[in-house]
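A short worksheet on the structure shown next.
Below, chain A is the first sequence line, B the second, and so on; all start at residue 1.
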Number of protein chains: 2
Amino acid sequence: MNQNQLDLVFGALSDATRRGMLAQLSGGVCNVSSLAKPYAMSQPAVSKHLRVLERAGLIERTRHGRENFVRVNAKAAQEASNWITHYTKFWKAQFDAVEDYLQKTGAKNEH
Amino acid sequence: MNQNQLDLVFGALSDATRRGMLAQLSGGVCNVSSLAKPYAMSQPAVSKHLRVLERAGLIERTRHGRENFVRVNAKAAQEASNWITHYTKFWKAQFDAVEDYLQKTGAKNEH
DNA sequence: TTGATTCATAACCATAAGGTTATATATTCG
DNA sequence: CGAATATATAACCTTATGGTTATGAATCAA
């Protein structure tokens, strides 16, 4: 997965509506209407969100008559997950080390 | 972690510059200048990226004289990681089931 | 065939995001 | 003190994002 694709995946995940759709899709394939139902927004807005998810590779669509069935593509999400998981290992290791460092140097956390 | 915080974390991760900074921080605490060094952008642009990471809770800063030391906060990233990991389990399960379904119904993937 | 359903696209708007330059504020060094 | 360093903030610009309404095209059902 190249950098640009990671941009798209994380970008797609940065919106609660889209995360909700992915959550709903974890229960099985849905058509667009049933994906739209939980949200108080216009149908074109839903279409746009689906487009974002699709460009990120997180979903795929299959037309079936006039209905458009949507399913998750686990692979794209998996690679984003891998990215975080990989670095989380290092970050956790940092965490304690940094606490020590700040103790020694006496720096104040101005957060 | 509430929805809004997840928005911020995934949003922060959706930019290659910021992911690069987090990657660099996995090697240890950095001041702002050394974080900025790899990027062909102005210093204020770097400041903005750090602000985004900070609002998402992914980093914390500690002033030390005129330098501002930056460190990762593993916890925020961890929770984003958890979100993906949680759903990835379901999505993977879906993956095979959906393939079967499409086989049976004969639907074409128009992706 | 007519009308309803499902969905996409176009055009538009307001706000956010990511960049810039200019400037300000501490802090450190000579 | 005066100059350089490290960083933040302000103001601005361009493009992206997330929403809207209006419209169109296919499909299905009566």
Q. With sequence neighbours left out, what residues match Glu67(B) under side-chain contact (heavy atoms from CB on, under 4.5 Å)?
A. Asn31(B), Phe69(B)
Q | Leu22(A) vs Ile59(A) side-chain heavy atoms within contact, under 4.5 Å | A | yes
Q. Going 5' to 3' on DNA chain C, which nucleotide is the first and which the last to come under 4.0 Å of a heavy atom in chain B?
A. dG18(C) to dT28(C)
Q. Between Glu60(A) (side chain) and Glu54(A) (backbone), is there a donor-acceptor pair under 3.5 Å?
A. no
Q: List the protein contact pattern of nucleotides 10-26 of chain D with one symbol per nucleotide (5' to 3'): B for base contact, S for sugar-phosphate-only contact, - for none; contact means a heavy-atom distance under 4.0 Å.
A: --------BBBBB----
Q | Side-chain N or O of Arg63(B) closer than 4.0 Å to phosphate OP1/OP2 of dA8(D) | A | no
Q.
For Tyr87(B) and Trp91(B), take the angle between the two ring planes, folded into 0 to 90°, and tell me which bin it lands in: parallel under 30, tilted 30 to 60, perpendicular over 60.
A. parallel
Q.
Pairs counted only when both distances fall under 3.5 Å, Watson-Crick or G-U: show me the 5' to 3' dot-bracket for DNA chain C, [ ] for pseudoknotted crossings and | for other-strand partners.
A. ||||||||||||||||||||||||||||||
Q. Separation of Leu53(B) atom CG from dT7(D) atom P, in whole Å?
A. 15 Å
Q: Write down the atom of Thr62(B), the atom of Arg71(B), and the distance for their closest heavy-atom approach.
A: OG1-NH1, 2.5 Å
Q: List in chain and number order the residues that pass side-chain contact (heavy atoms from CB on, under 4.5 Å) with Ser81(B), two or more places apart in sequence or in another chain; answer none if no residue qualifies.
A: Ile84(A), Thr85(A), Gln78(B), Thr85(B)
Without placing hydrogens or testing angles, list every side-chain donor-acceptor pair under 3.5 Å for residues 42-51 of chain B, not counting sequence neighbours.
unit_1	atom_1	unit_2	atom_2	d
Ser42(B)	OG	Ala45(B)	N	3.4
His49(B)	ND1	Arg18(B)	NH1	3.1

Q.
With heavy-atom distances below 4.5 Å as the criterion, would you say the side chains of Ser26(A) and Val72(A) are in contact?
A. no
Q: Kindly compute the distance separating CD (Gln24(A)) from OG (Ser34(A)), expressed to the nearest 0.5 Å.
A: 6.0 Å
Q) Should Trp83(B) and Leu13(A) count as side-chain neighbours, where that means a heavy-atom distance under 4.5 Å? A) yes
